[in-house]
Amino acid sequence: METVLSGIRPTGNLHLGNYFGAVKNFVKMQHKNKCFFFIADYHSLTTHPTPADLHEGVKNVLAEYLACGLDPDVATIYIQSDIPEIPELYLLLNMIAYKGELERTASFKEKIRKQPENVNAGLLTYPVLMAADILIHRSHKVPVGKDQEQHLEMARKIARRFNSMFKTDWFPEPKAYNFGEELIKIPGLDGSGKMGKSEGNGIYLIEEPKSIRKKIMRAVTDSGPTEKNQTMPDSIQNLFTIMNAVSEQETIDFFRDKYNNCEIRYGDLKKQLAEDVINFTEPIREKILEIKSDSAYLQRVVNQGAEQARESAKKTIDEVRRIIGFKPF
Ligand code: AMP
């Protein structure tokens with residue numbers, strides 16, 4: 001069985017894009033592989049969150065992922081900072097990661113542009129910490145979005161470099177996990193690009209029905225089709241893309257036909273879409289609230305995850321120490 005690892009930054013809440021683009025697939029993936037899901041709280045320190053925000057963020061993501069169906073009895077779910085073997089491997093890998101290559105990564109250059117007042121060393125070595133996250137379990141596969149491809153390449157490079165420097169094959173070269181079907185991209189409600197946290201155009205799993213209705217009713221549309229079977233403009237296609245994810249086929253066909261016959265009323269479409277989104281999110285929202293209020297359960301989950309993850313991490317780090325030459329007298 002292949003070992004698959006995925007990390008989640010504890011910032012913000014999960015939106016429909018995260019669910020349909022990632023989490024839904026993770027829920028399936030956990031039954032087919034040996035999966036590790038971790039909350040990347042060390043990574044989030046690069047932006048200097050307050051202690052309260054850091055803790056709340058970790059609790060949120062954990063509760064949301066559990067509510068979506070990640071199962072702590074099937075996969076290993078843990079918090080990065082509970083595993084001291086990760087920073088140890090990070091330190092060791094930092095010795096074979098070079099300043100020049102780290103400075104050249106696209107994400108580092110982007111961060112320099114976005115937060116010039118806080119270009120810390122953690123930001124520069126972010127890909128090394130990510131390599132440590134992956135290699136600590138000798139993972140074979142990592143599901144990555146486009147923005148993380150370069151980081152995965154860096155993890156591969158570091159694994160190869162370690163192996164060749166110490167004449168070993170201890171680290172497998174991690175590859176991108178392919179879900180085997182085309183990934184759905186959920187668009188935002190503002191008629192542009194994708195739904196995202198920073199774009200402010202998201203519908204969140206934790207969102208109250210009233211607020212969801214309001215957002216969807218305000219979504220950008222146009223003045224309607226004037227010819228039969230006309231190609232849809234992006235703003236309308238976007239509503240249908242979300243509908244495809246949450247509604248019954250019958251509903252989708254009904255509104256598509258209305259559009260194609262120039263009989264569509266966007267108000268009706270949006271009302272239906274809002275109800276279907278709420279039908280989808282409401283049970284998850286209730287579950288999130290229930291899990292979040294049960295601190296004892298959350299603690300049990302992270303303790304169990306930490307124990308399992310440390311067992312795997314210790315095996316790796318013990319061997320790495322031996323390979324490098326740390327030995328008892
Ligand atoms: P982010 O919240 O941007 O860190 O995204 C975490 C993961 O969720 C990404 O790597 C994607 O797999 C997925 N994701 C985020 N936004 C979308 C979206 N609008 N549509 C589909 N998948 C998304």
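Each residue takes its place number in the sequence, starting with 1. Each ligand, and each atom within it, is numbered from 1 in the order the structure gives.
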Chemist: Check whether the side chains of N60 and K292 place a donor and an acceptor atom closer than 3.5 Å, and report yes or no.
Modeler: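 Short answer, yes.
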
Chemist: Give the numbers and elements of all ligand 1 atoms closer than 4.0 Å to a heavy atom of I186.
Modeler: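 With I186 as reference, the close atoms of ligand 1 come out as 18 (C), 19 (N), 20 (N), 21 (C).
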
Chemist: Please write down residue, atom name and distance for the protein heavy atom closest to atom 11 (C) of ligand 1.
Modeler: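 Checked against all protein heavy atoms, atom 11 (C) of ligand 1 sits closest to A22 CB, 4.4 Å.
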
Chemist: Quick test: of every protein heavy atom, which one is nearest to atom 23 (C) of ligand 1, and how far off is it to 0.1 Å?
Modeler: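 Going by distance alone, atom 23 (C) of ligand 1 is nearest to G17 O, 3.2 Å.
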
Chemist: Using a 4.0 Å cut-off to any heavy atom of G21, which atoms of ligand 1 qualify?
Modeler: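 It comes down to these atoms of ligand 1: 12 (O), 21 (C), 22 (N).
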
Chemist: Hey, does H15 sit under 4.0 Å from ligand 1 if you only count heavy atoms?
Modeler: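 It does, in that a heavy atom of H15 comes within the 4.0 Å cut-off of ligand 1.
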
Chemist: State the atoms of ligand 1, each with its element, that fall below the 4.0 Å cut-off from a heavy-atom position in M195.
Modeler: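 Per the distance check, 16 (N), 17 (C), 18 (C), 19 (N).
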
Chemist: Classify the side-chain pair D133/H43 by whether it contains a donor and acceptor separated by less than 3.5 Å.
Modeler: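 A pair is found: one side chain offers a donor N or O, the other an acceptor, under 3.5 Å apart.
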
Chemist: Are the aromatic ring centres of F255 and Y259 under 6.0 angstrom apart?
Modeler: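 No: the rings miss the under 6.0 Å criterion.
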
Chemist: Looking only at protein heavy atoms, which one is nearest to atom 1 (P) of ligand 1, and what is the separation?
Modeler: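 I find the closest protein heavy atom is N18 ND2, 3.7 Å.
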
Chemist: Within a distance of under 4.0 Å, is there any protein heavy atom near atom 3 (O) of ligand 1?
Modeler: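 Under 4.0 Å from atom 3 (O) of ligand 1, zero protein heavy atoms found.
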
Chemist: Using a 4.5 Å cut-off on heavy atoms from C-beta on, say whether the side chain of F37 contacts that of Q30.
Modeler: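 Contact flag for Q30/F37 side chains = yes.
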
Chemist: For the aromatic rings, using the six-membered ring if either is Trp, is the centroid distance between Y177 and F179 under 6.0 Å?
Modeler: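 Yes: the rings meet the under 6.0 Å criterion.
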
Chemist: Given the side-chain rings of H151 and F108, with only the six-membered ring counted for Trp, is the space between their centroids under 6.0 Å?
Modeler: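 When the ring centroids of H151 and F108 are compared, they turn out to be at least 6.0 Å apart.
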
Chemist: Just let me know how I184 lines up against ligand 1, side chain, backbone, both or neither, with a heavy-atom cut-off below 4.0 Å.
Modeler: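 Just the backbone.
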
Chemist: Establish whether atom 21 (C) of ligand 1 and some protein heavy atom are separated by less than 4.0 angstrom.
Modeler: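 Neighbour list for atom 21 (C) of ligand 1 includes protein heavy atoms (cut-off 4.0 Å).
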
Chemist: Is it the case that the side chains of S81 and D41 hold a donor-acceptor pair, with the cut-off being a distance below 3.5 Å and no angle test?
Modeler: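 Yes, S81 and D41 have a side-chain donor paired with an acceptor closer than 3.5 Å.
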
